[in-house]
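Notes for the one structure printed next.
We name chains A, B, ... by the order of the sequence lines, and we start the count at 1 in each one.
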2 protein chains.
Amino acid sequence: MAAVLQVRRESLQVLLWQRAQEPHARRWSLPGGRLRDDEDVEASIRRQLAEKVDVRKLAHVEQLAVFSAPDRVPGGRIVASAFLGLIPCDVDPEVPEDTAWYPVDNLPDTAFDHEAIVRRAQGRLRAKLSYTNLGFALAPPEFTISALRGLYSAALGYRVAATNLQRVLSRRGLLEPTGHTSPPGPSGGRPAALFRFTGHGMLVTDPFAVLRPPSKGSGVDVR
Amino acid sequence: MAAVLQVRRESLQVLLWQRAQEPHARRWSLPGGRLRDDEDVEASIRRQLAEKVDVRKLAHVEQLAVFSAPDRVPGGRIVASAFLGLIPCDVDPEVPEDTAWYPVDNLPDTAFDHEAIVRRAQGRLRAKLSYTNLGFALAPPEFTISALRGLYSAALGYRVAATNLQRVLSRRGLLEPTGHTSPPGPSGGRPAALFRFTGHGMLVTDPFAVLRPPSKGSGVDVR
DNA sequence: ACAAAAGTGTTTTTAATACACCCATGG
DNA sequence: CCATGGGTGTATTAAAAACACTTTTGT
């Protein structure tokens, strides 16, 4: 079970497919499937997703939690390992007929406990945008600061100031200018500088919100 | 599979039991067992743990991650859902013969991938001590600030200043004085005031390390 | 009185948000 | 030349770390 998220048309959306069979026929569910004996859960979810989207487009995949209530699926208990997947906003992967993107804030009738899984994915993304470099997984290879602001705003659900976003990410060394610029729109304006993320692969940049270790002293000893 | 942690004698320790049978006989492993059809994974781990410790002593239990590498256990793949459990430092639960507490920084020869699970548990605890009220799960019902400092220091692995700890937790409304005091030790000193945590049950107190929503404006609208 | 531990008041540091203003381009 | 975004510089705010100093006890 994976909640694959992407910022599309200014809103955070999730990839759902419509069930054909009972139980919960015609309701929308997260892509997933059974685990094989020769793969771990992450390999499995990547294999399942390969049927829906080009998995090379997935910029980030991580575990969320196990959902295991005995009655979560009617007729025999199924344990689901839930994942979060992220796709950069510049790609529009081909998806099969029976799948569609839905805004996470306006979900259709969902199957089983899949709405809870989407909420979990959304919460995880929100949190990690604050203390990791996970923005790289939402953004295209090159972007303007205001485009990045749009991505963060959509994912976080509140307006982010472009100037502060740039400074926070720059201070952490996550952003670097490409040297290129983007031409202004039809109504004019100064051309925007293009940036890229300095690294791919998730990195925790702000591990201790508080109770940070003392700055003086070697820091190796305890107590 | 659960890493049950407790601060014992100034160090963060984990409860391990020594395997009698092959594979990995005589190596130390985390308590756990098979999931039944009528329970979810948390109910299951609590049932498994009941065989080792009085589960009423567990102040907090949470999921860590699924460990599912096909070869993690020799002879047939076993998927493990790993948990973190916390026991307040004032209780010394009875444990069976074949189990023992070990400092997480000085583990014995461990079975399977259990060392990785302990590392994960340690990391999770460290992180959550910073941005949640999880300290309540390590502390006794009443404690002095310096006792609490000892707990945080042991769990975090670096020295925490008592005065700053008190101020951080107080500002967040997590601490309240009980009105009682603790008598000083044999060498004298001012008697220490006793405190308690205001709430039990985990609470996130510092959700946005950075990129916090704008303080002005209602905060409900996007972009 | 003095040592020891607890607790308070104050300063310093850090890192974010807020805001005013300057810049570059298209019409 | 002015409207429209982009970008920079500076002030403000917030919260934690660091440290000096006072308080309360036992011996």
Check: Between the side chains of B:T163 and B:R167, is a donor N or O closer than 3.5 angstrom to an acceptor N or O?
Finding: yes
Check: Could you write nucleotides 4-13 of chain D as a row of B, S and -, 5' to 3', where a protein heavy atom under 4.0 Å of any base atom gives B, of only sugar-phosphate atoms gives S, and otherwise -?
Finding: BBBSBBB---
Euclidean distance, atom [atom1] of residue [X] to atom [atom2] of [N] [Å, nearest integer]:
{"X": "A:R171", "N": "C:dT13", "atom1": "CZ", "atom2": "P", "answer": "16 Å"}
{"X": "B:D206", "N": "C:dA15", "atom1": "CG", "atom2": "C1'", "answer": "13 Å"}
{"X": "B:N164", "N": "C:dG7", "atom1": "CG", "atom2": "P", "answer": "15 Å"}
{"X": "A:L165", "N": "C:dA18", "atom1": "CG", "atom2": "P", "answer": "13 Å"}

Next item on the list: May I ask you to evaluate whether B:R172 reaches the phosphate of D:dA16, defined as a side-chain N or O under 4.0 Å from OP1 or OP2?
Entry: yes
Next item on the list: With sequence neighbours left out, write down each residue that passes side-chain hydrogen bond (donor to acceptor under 3.5 Å, both in side chains) with A:D40, or none if nothing qualifies.
Entry: none
Notebook entry, point to check: Can the ring centroids of A:F112 and A:F67 be said to lie less than 6.0 angstrom from one another?
Noted result: no
Check: Looking only at heavy atoms, what is the nearest atom pair of B:L129 and B:G135, with distance?
Finding: CD2-N, 3.7 Å
Check: How are the rings of B:H60 and B:F136 set to each other: parallel, tilted or perpendicular (split at 30° and 60°)?
Finding: perpendicular
[X] vs [Y] side-chain heavy atoms within contact, under 4.5 Å:
{"X": "B:V14", "Y": "B:L107", "result": "yes"}
{"X": "B:P88", "Y": "B:P140", "result": "no"}
{"X": "B:E176", "Y": "B:F197", "result": "no"}

Check: Going by number, which of residues 134-143 of chain A have a non-hydrogen atom under 4.0 Å from DNA chain D?
Finding: none
Notebook entry, point to check: Looking for any heavy atom pair under 4.0 Å, which part of the strands does A:P186 touch: base, sugar-phosphate only, or nothing?
Noted result: sugar-phosphate
